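First up is the structure itself, then whatever we jot down about it.
Just the heavy atoms: all of them, side chains too, but no hydrogens, waters or symmetry mates, feed the values below. Not measured: the values here are computed from a predicted model.
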Amino acid sequence: MANDAWLSELLRHGAMTDGGVAQELAATFATRDPSVDAQGTVTQALLTALEETWERGWQPADVVHVARREATAGSVPLVVALIAEHARRSDAVHRAPDAWVEQLSELDALGPGDPAVVHAWHRAGRLAPAEAWRIVIRLAGALQATLSIDALLPPPSRWGPRHSRRAENPAPSDDRVLRRIRGLLAKAESTEFPDEAESLTAKAQELMTRHAIDAALLEAGPSSTDGRLVDTRRVHVSDPYVRAKMQLLAAVAEANDVRVVWYSTLGIANLVGVRADVAAVELLFTSLLLQVAHALSAAERLTGDRSASRSFRRSFLLGYAHRIGERLRTARQSATAEAAAEHDIDLLPVLRSRQVAVEERVAELFPRVRATRSRASVDADGWYAGRDAAERADVGFRRSSLR
């Protein structure tokens, strides 16, 4: 069979991500082409599939997420190499939106790379031909199976001509605060001492809260402008218990005037809010995920066999998220009231105007969005154990505001 013919067969069957089918096809292709795409035909086909994925609203980090989730973790180096080659061919550094280029940088996909992507990846990884072909087939299937999602950034077909990049950097104060928050949370996550982690996380959340209130006060002053920077960002949530983790993200976001629109089958959430708030929500959510993982592990050690079920674990996460949301909302109300009293100003109109700007942006980006409510049953032991753990979790406000 000619190369073009069996390549077409690969892509036609690629959407079938069944492991047995992929394994069988991989053995066949390994016999026919043990060098794994020395001619570059498969590379070009995958780049075309990637281009079509961009047109369906996907961004670089989204594609890596779905490759890991739907194909295999072994496909991640390959898909990053494909993204890097597409960026080189499309001159993304000088044409793509800033957020796109930031994702390329975070993925380490801005290097020169090798145009023969699949063949170079196979050589570098020293994989057996059959294993390499299996990964290629699964990745082809994952790319072909991507559905259209809401486009937050223009795809490559809508990029303009080459230009000198002028990054839309956050305000200096935002940048300084976020760097401090990130540093504190990183230390909290790496320390082996719970008391130290709690203290560091508390300081990080206090910074988040005070910065948000200071920004609102600035908007209320005479130098205020209507040019609020409402930002969007995607957060990728991995299995297991994606829905329960999304509830935790929603709780953190709601308490900080950030809206969440999520795709239930993809593990992808869209955050919409004032730029500094969106960044802070992502940081706190990531930290709380680590905290709840530790708390769940401790609960399982204490409760023994009855905590081994998926139902217990999912319910633990849901209970944790629910209680965290309650604590965050109470703490934010208290902090806002304190700041208003301290500065003798009514913050509610300012905060409401920010909320309106966010809601308008959500309606613009997601015209078909609808609210959903989880109706899944919960394990009572898991739910209350999760709420218990949330009582001990550090959401970062001063203790006086949590009582």
Side-chain angles (χ1 to χ4, degrees), residues 1-54 58-90 103-147 236 238-240 242 265-267:
M1 186 181 296
N3 278 352
D4 290 346
W6 62 260
L7 174 61
S8 297
E9 182 183 354
L10 181 153
L11 293 178
R12 185 171 65 253
H13 288 288
M16 300 173 59
T17 55
D18 176 81
V21 172
Q23 196 73 32
E24 184 178 344
L25 284 172
T28 301
F29 295 144
T31 301
R32 294 173 179 173
D33 185 2
S35 64
V36 187
D37 195 36
Q39 302 303 314
T41 312
V42 175
T43 291
Q44 186 54 52
L46 289 174
L47 286 171
T48 299
L50 188 61
E51 186 79 28
E52 293 169 351
T53 301
W54 302 146
W58 294 69
Q59 300 173 22
D62 301 331
V63 171
V64 173
H65 168 74
V66 81
R68 181 182 289 109
R69 176 186 169 99
E70 303 295 338
T72 170
S75 69
V76 171
L78 174 57
V79 78
V80 169
L82 288 164
I83 290 170
E85 178 60 15
H86 177 275
R88 186 187 68 80
R89 295 188 186 190
S90 62
Q103 291 180 41
L104 295 176
S105 178
E106 290 170 1
L107 294 170
D108 196 21
L110 289 175
D114 189 325
V117 178
V118 174
H119 186 59
W121 161 79
H122 171 238
R123 290 199 321 269
R126 299 182 179 180
L127 297 172
E131 175 62 11
W133 277 116
R134 186 186 70 83
I135 292 173
V136 168
I137 293 167
R138 295 294 298 273
L139 178 58
L143 292 176
Q144 286 189 311
T146 54
L147 303 175
H236 305 100
S238 301
D239 289 323
V242 170
T265 60
L266 299 176

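Of the candidates Leu127, Leu25, Val118, Asp33, Trp133 forms a side chain to side chain contact (heavy atoms under 4.5 Å, CB included) with just one, namely Asp33.
Of the possible polar contacts, one joining the Thr31 side chain to the Ala27 backbone as a donor-acceptor pair under 3.5 Å is found.
When the salt bridge (charged side-chain N to carboxylate O under 4.0 Å, His left out) test is applied to Arg69, the partners found at least two apart in sequence or on another chain are Asp239. With sequence neighbours excluded, no residue forms a ring-ring contact (aromatic ring centres under 6.0 Å, His included) with His119. Take Thr72 and apply the side chain to side chain donor-acceptor pair (under 3.5 Å) test, not counting sequence neighbours, and it matches no residue. Considering only residues two or more places apart in sequence or on other chains, Glu106 meets the side-chain contact (heavy atoms from CB on, under 4.5 Å) condition with none of them.
Contact record, Ile137 with Ala26: CD1-N, 3.6 Å, taken as the closest heavy-atom pair. Closest approach of Arg138 and Ala22 over heavy atoms only: CD-CB, 3.6 Å.
Counting heavy atoms from C-beta outward, Trp121 and Thr43 have side chains that stay 4.5 Å or more apart. Two residues are said to be in side-chain contact when any heavy atoms from C-beta on lie closer than 4.5 Å; Leu139 and Leu82 meet this criterion. With contacts defined as side-chain heavy-atom distances shorter than 4.5 Å, the pair Ser90/Glu51 does not qualify.
Pairs passing the ring-ring contact (aromatic ring centres under 6.0 Å, His included) check and including a residue from residues 60-89, sequence neighbours excluded, read Trp54-His86, His65-His236. Among pairs with a residue in residues 117-133, those fulfilling salt bridge (Lys or Arg N to Asp or Glu O under 4.0 Å) read Asp114-Arg123, Glu131-Arg134, at least two apart in sequence or across chains.
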